[in-house]
Amino acid sequence: MQLVVNGREHTVDVDPAMPILWALRDTLGLTGTKFGCGAALCGACTVHLDGEAVRSCSTPVSEAVGKKIATIEAVTAGADRVGAAVQAAWIKHDVAQCGYCQSGQIMSATAFIKALPRGKQPTPEEIDTAMAGNICRCGTYARIRAAIADASRSLV
Amino acid sequence: MLHNIDPADLPRALQRLVTHARGTPAALPRRSFLKLAGASGLALGAFPHVALGQTAGAAATTLKPTQQPSAFVQIARNGEVMVTINRLEFGQGVNTGLPMILAEELDADWSLVRSRHGTNDVAYADPLFGIHLTGGSHTIKNSYTQYRELGARARAMLLNAAAAQWKVDVATLRTRAGTVLGPRGLKTGYGELAEAAMALPVPEKVTLKDPKDFRIIGRPTQRLDAQAKTSGKQDFGIDVHLPGQLTAVVARPPVFGSSLALVDDSAARAVKGVKAVLRVPLDGGGEGVAVVAEGYWQATQGRDALKLEWDASKVEKVDSEKQLAQYRELAGQPGPRKLDADMAPLATAPQQIEAEFIFPYLAHAAMEPLNCTVRLGDNRAEIWMGSQSAGLDAAAAAKVLGFTPEQVVVNVLMAGGGFGRRFSSTSDVVVEACAIAKAARTAGLDVPVRTVWSREDDMKGGYYRPMHLHRAKIGFDDKGKVLAWDHVIVAQSILTGTVFAAFQVKDGIDASATEGMLTPYPLPMRLTVHHPKLNVPVLWWRSVGSTHTAFVMETLLDDIARATKQDPVAYRMALFGDSHPRHRAALQLAVDRSGYGKAKLSAGRAWGVAVHESFDSVVAYVVEASIKDGQPVLHRVTSGVHCNLAVNPRSIEAQVQGAAVMGLSTCLPGSAITLKDGIVEQSNFGDFTVARITDMPEFAVHIVPSADPPTGIGEPGLPPLAPAFANAIAQLTGKPLRQLPFNLA
C-alpha cells in the first residue's frame, strides 16, 4: 500500500483495516501522533488527511490511500505557516503540562484556523466548539484558548 | 498522600519492601548505575568519593549520594548545563522547577540549562523519605534545599578550579551567569572549567544565597520542554522503540482476580504479526492472556481473536448499588474513632444539620495509557517507563524476575499524566510487564517487550479513588457556633496491606481517608471510620483524601453560615481567627481579586467560596456559577494560593488551573466508575466524563507573596474547586449538593 506522509511516499505492508495511527507509530516510527483512547473520543491522535483534521486511531489506512497525511512532525517543522504560528503561540503561552495530548490539540487548532475565512478572528465560542473533541487531562484549556486566539491574530 | 508521614519512618519502610521483594535481608543499592561522562560533556565531580579515596591525605566525604553534584549536574564544554531530576515529570513542571533551583545557586546561564530524568539509582531517592517517590506534591518542598546545595557545591568546585588555574585566592573570584570572573579582567566559562572542577573534592558545607539575590527562582519561567512538547519530539514511555521490540496487550479478567477456565488461542495465533500467546499471572491473584505481536494493532487483533472463559467463582462480585446499601448500614454501626469530642451537646443544640454524602470510584484516566517496556538478559533487566516510584518498581520487578534489585535498572521516562496511577503499592504495571517479558523469553522471544494497556484496559483495570460515604450530624447555636459534630466515613482503605500501612494505618484507621477533615477549623468533632474490604483495587488519586473531605467540610460550613444568615467568607475568617494566617491570606486574596461582595453578578449567577489546605499549601476559590438547562455551569474562578515561596509562578498558575479542572471533572455528569456484577461498567471517555474545553471557566490565579521555603502545588488546587462550585449552586437553589458528580434532582 502506498501512503503519502508529510510529503514523502512510503510503501507499507499492513492490514488495510489498520488505523492510520498504528501505521504512523509502529510501522513508520512517527511517534509524535499519540494513542489516547482508540475510539475517536479524545483527539490525541489527530492528523490531517488532505488538510482535514481526522482521528487517526479510528481511520483505516485504506482511507488514506491517494490522499496526503500530515502529522505534527511536519506541521510544526516551519514550512507550514499556520502550523508554525500555532506552535509559536503554544510555546509563548506555555500551554503544555504533560504534553501528551498537545500534538492532537495543535493539529486540531491548526486545521481550525486554516478553515477560517481569510482574516476572520475566531470567537471564544468558535474556539471551544472546534476544540471540544480534544481532551487535556492536565486541564490546559485556558492557555489553549489564549494560544489559539493569539495565533489567529498573528496570522492576519 | 504520605504528607503526614514522619520522613524518618520511610527508609525503614523501603528496607522492609526490599527485604520482602528479595526474600532475604538486603542493603540498599550503593553502586551507581550512572554513566557520568558521556559524549555530551563531563560530569562535574564525577565519582568524587573515588577521586578522594585516591588522594593521599584527603578525608573521605560523608555526603550522601543525594548530596553529590556528580549525579545531578553535567556541564558540557560549550557551557550547556544538564540537570538530572530525581522525580517523574508528568506535567507538574518539576523538570523546569528543579533545574531553576539548582541553576540559581550554580549561577548558571539559564538559556544553557537543560534537564533529563534519572533512574532507580539511590542518588535519586527523595532526600527526606529515602525512597524514590513522585507524589504528595513533595518534589519542590523536599528537594528545594537539596538542589540549592547541589548547585552551590558545583559552583564552589568551579570557583576552586578557576582559582587553581589562575593561581589566585578563590575569595577574589565571583560568578555571573555561567562565567567565573577574576581579578585583572580574568574570565572563563563554566564549560571550560568543568573538567578540572570534576577532579576536585566536593565541599561538604556551602553557603546559600540570600533569597533577595535570587534571579532565577521566583521568575515566571517557560518550561524547558515547551519546544519538544509542541513538535512531536517529546518521547514518552509509550514511544520507546528498541531494536527487535515487540508489543504485548493483555486479555484481563472482567471481574478482578478471576482465573481462566478455558483458553482457545488457535485463532489468535493465526493473526498476522502475532508472535506468541502467553498465559500470565496478573495483579491480585488473577490470570490473563498476553498476546505478543509486531505492533499494538496486531496484538489487539490477536487479543480480539482469543476465545476465553473466566472463572469468577472464587472472587467477590461487587455491585455499586448493593455496596451503597452496605455502606449505609455500616455507617450506623460503632467503629474506630479518629476524633472523639463529647457529643452530649448535640441533643440540645438549637439548630441541627444532618447530611449524607456519596463519592464514587474514580479512574485516574491519564492521557498516556499505562505501559512498560522490559529488556531481559541472563542476569540483568532494563525497564523503561514513566514511574512515580522507580526504586519500589525495581524491587518488585526483581522479585518477579528472580533477580536482586541491583540487577534491575529502571529508566524513568516522561509520562503523559499519572495523578497517582504510576505509583501503585503492588507495582502492578511493572510486575505484569516483567511477567510477560519473562514468559516471552521462555517461549524463545529474546527481545524487548513493550506492554501497552488500551484505554479500556486502563479504565476497567482497577486502582481507583475509592468510593466514599460520609455522614454528618451537626449541632450549632444561632450564631453558627458548632456545639458538636458527629461524623462518619465509610470507605475502603487505600494503605492497608501496603508497605505504608505500618505507619499510616493506626488503630484500624487509614490516615489518607481522613486527611483534610477538621483542619484548620476548631470544631468539636467525633470522627468514626469504617474500612470495608471489597474486591476493587483502590489507590491514591490526585489530592487523595482531600478529594472528598474538602467537599464535605467546605459545603457543610457553608450550610451552617447560610442557616445562621452569615456571610460564608466572614464565617470562615472568624473560625480561622489569628491562628491561620495563610488561610486568611489566601482567602482574602481570592475575595479581593474576584470582587466578591462588591461586584454585581450577571443575572442568574451566584458566588461560591471554599478554602482548603492540603500538602502544606492553602488554596481558596471564589467562583461564579449558574444553572443552565438544569445543569450547573461554572463561569469564573478566582484563586488565592499560599504555597510559600513561588519558585516558578508560571508553573504554579498551570498547576492550580489544571488541578481545578480535574476537580471540575468530578462534578460533571458521568464522572463515576460503577460496578455491576463485579464488572466495571465504564470503558472509555465516552462513558467516563472528564472536563473538556467547553467546561472551562475563566480562571485567574493569584499567589500570596512569601519568602518561606516552598510547599506543594501539584495537588492543592483540586480539593476546594468542587465545594466552591457546589456552594454557588446551593446559593441559587437553596438546597445543598451532597454528591459528586452533582445531582440536582
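Residue numbers start from 1 in every chain, and the chains themselves are labelled A, B, ... in the order their sequence lines are given, proteins ahead of strands.
- Counting heavy-atom pairs closer than 4.5 Å to chain A, the top residue among B:G273, B:G295, B:A228, B:A654 is B:A654.
- Contact of the A:V95 side chain with the B:R223 side chain is not registered, since no non-hydrogen atoms from C-beta on lie closer than 4.5 Å.
- Heavy atoms of B:D235 lying under 4.5 Å from chain A belong exclusively to its side chain.
- Chain A forms the most heavy-atom pairs under 4.5 Å with one residue out of B:V661, B:N95, B:N684, and that residue is B:N684.
- B:Y296 and A:F35 have tilted rings, their planes meeting at an angle from 30° to 60° on a 0 to 90° scale.
- Atom OG1 of residue B:T300 and atom CH2 of residue A:W22 lie 8.0 Å apart, to the nearest 0.5 angstrom.
- Scanning all heavy atoms of the two residues, the minimum distance from A:I72 to B:T230 falls at CD1-O, 4.0 Å.
- Taking chain A as the reference chain and counting heavy-atom pairs below 4.5 Å, the highest number among B:F699, B:F236, B:F419 is found for B:F236.
- Here the shortest heavy-atom pairing between B:M696 and A:A142 reads CE-CB, 3.8 Å.
- A donor-acceptor pair under 3.5 Å is formed between the side chain of A:R137 and the backbone N or O of B:H364.
- The contact between A:T31 and chain B is made by backbone and side chain atoms together, counting heavy-atom distances below 4.5 Å.
- Considering SG of A:C138 and CD of B:Q657, their distance stands at 12.0 Å, rounded to 0.5 Å.
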Q: Test A:Y100 against B:M414 for side chain to side chain contact (heavy atoms under 4.5 Å, CB included), laying out the working first.
A: CA-CA 9 Å; A:Y100 192 80; B:M414 182 72 69; over 6 Å; no

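- Options A:G83, A:C37, A:C101, A:A77 differ in how many heavy-atom pairs under 4.5 Å they form with chain B, and the most are formed by A:C37.
- Heavy atoms of A:D15 lying under 4.5 Å from chain B belong exclusively to its side chain.
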(Q) Between A:Q87 and B:S231, is the side chain to side chain contact (heavy atoms under 4.5 Å, CB included) condition met? List the steps. (A) CA-CA 8 Å; A:Q87 185 193 16; B:S231 57; 3.6 Å; yes

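- For A:K120, the NZ atom is densely surrounded, since the number of other residues' heavy atoms within 6.0 Å is greater than 12.
- In this structure, B:F685 and A:G36 approach most closely via the heavy-atom pair CE1-O, 4.2 Å.
- No more than 12 heavy-atom neighbours from other residues, nucleotides or ligands sit within 6.0 angstrom of CD on A:E52.
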Q) Given the rule in the salt bridge (Lys or Arg N to Asp or Glu O under 4.0 Å) test, do B:R650 and A:D94 qualify, once you have shown the distances and angles that lead to the verdict? A) CA-CA 8 Å; B:R650 210 170 184 196; A:D94 226 359; 3.7 Å; yes

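- Of all heavy-atom pairs between B:I693 and A:R145, the closest is O-NH2, 2.9 Å.
- Options B:A365, B:A226, B:G93 differ in how many heavy-atom pairs under 4.5 Å they form with chain A, and the most are formed by B:A365.
- The backbone N or O of B:T694 lies less than 3.5 Å from no partner atom in the side chain of A:D128, so there is not a single donor-acceptor pair.
- Considering SG of A:C42 and CE of B:M367, their distance stands at 4.0 Å, rounded to 0.5 Å.
- Of the residues considered (B:E653, B:M459, B:K233), B:E653 shows the highest number of contacts with chain A, using heavy-atom pairs under 4.5 Å.
- Only the side chain of B:Q301 has a heavy atom closer than 4.5 Å to any heavy atom of chain A.
- B:K229 contributes a side-chain N or O that, together with a main-chain N or O of A:Q97, makes up a donor-acceptor pair within less than 3.5 Å.
- Between A:C98 and B:A415, the shortest heavy-atom distance links the atoms CB-O, 3.7 Å.
- The residue among A:A17, A:G38, A:A23, A:S103 with the most heavy atom pairs within less than 4.5 Å of chain B is A:A17.
- Between the side chains of B:Q234 and A:Q102, not a single donor N or O lies within less than 3.5 Å of an accepting N or O.
- In this structure, chain B has heavy atoms under 4.5 Å from both the backbone and the side chain of A:I91.
- Residues A:D26 and B:W297 share a closest heavy-atom pair of OD2-N, 4.4 Å.
- Contacts between B:E456 and chain A at a heavy-atom distance below 4.5 Å involve the side chain alone, from C-beta outward.
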Q) Run the side chain to side chain contact (heavy atoms under 4.5 Å, CB included) check on B:E294 and A:T27 step by step: do they pass? A) CA-CA 9 Å; B:E294 284 170 6; A:T27 311; over 6 Å; no

Q: Evaluate the criterion side chain to side chain contact (heavy atoms under 4.5 Å, CB included) for residue pair A:M131 and B:R692; output intermediate values, then yes/no.
A: CA-CA 8 Å; A:M131 301 302 291; B:R692 292 175 181 266; over 6 Å; no

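- No other option in B:Q227, B:H241, B:Q245 has as many heavy-atom pairs under 4.5 Å with chain A as B:Q227.
- Interface remark: B:T221 contributes backbone atoms only to the contact with chain A (heavy atom separation under 4.5 Å).
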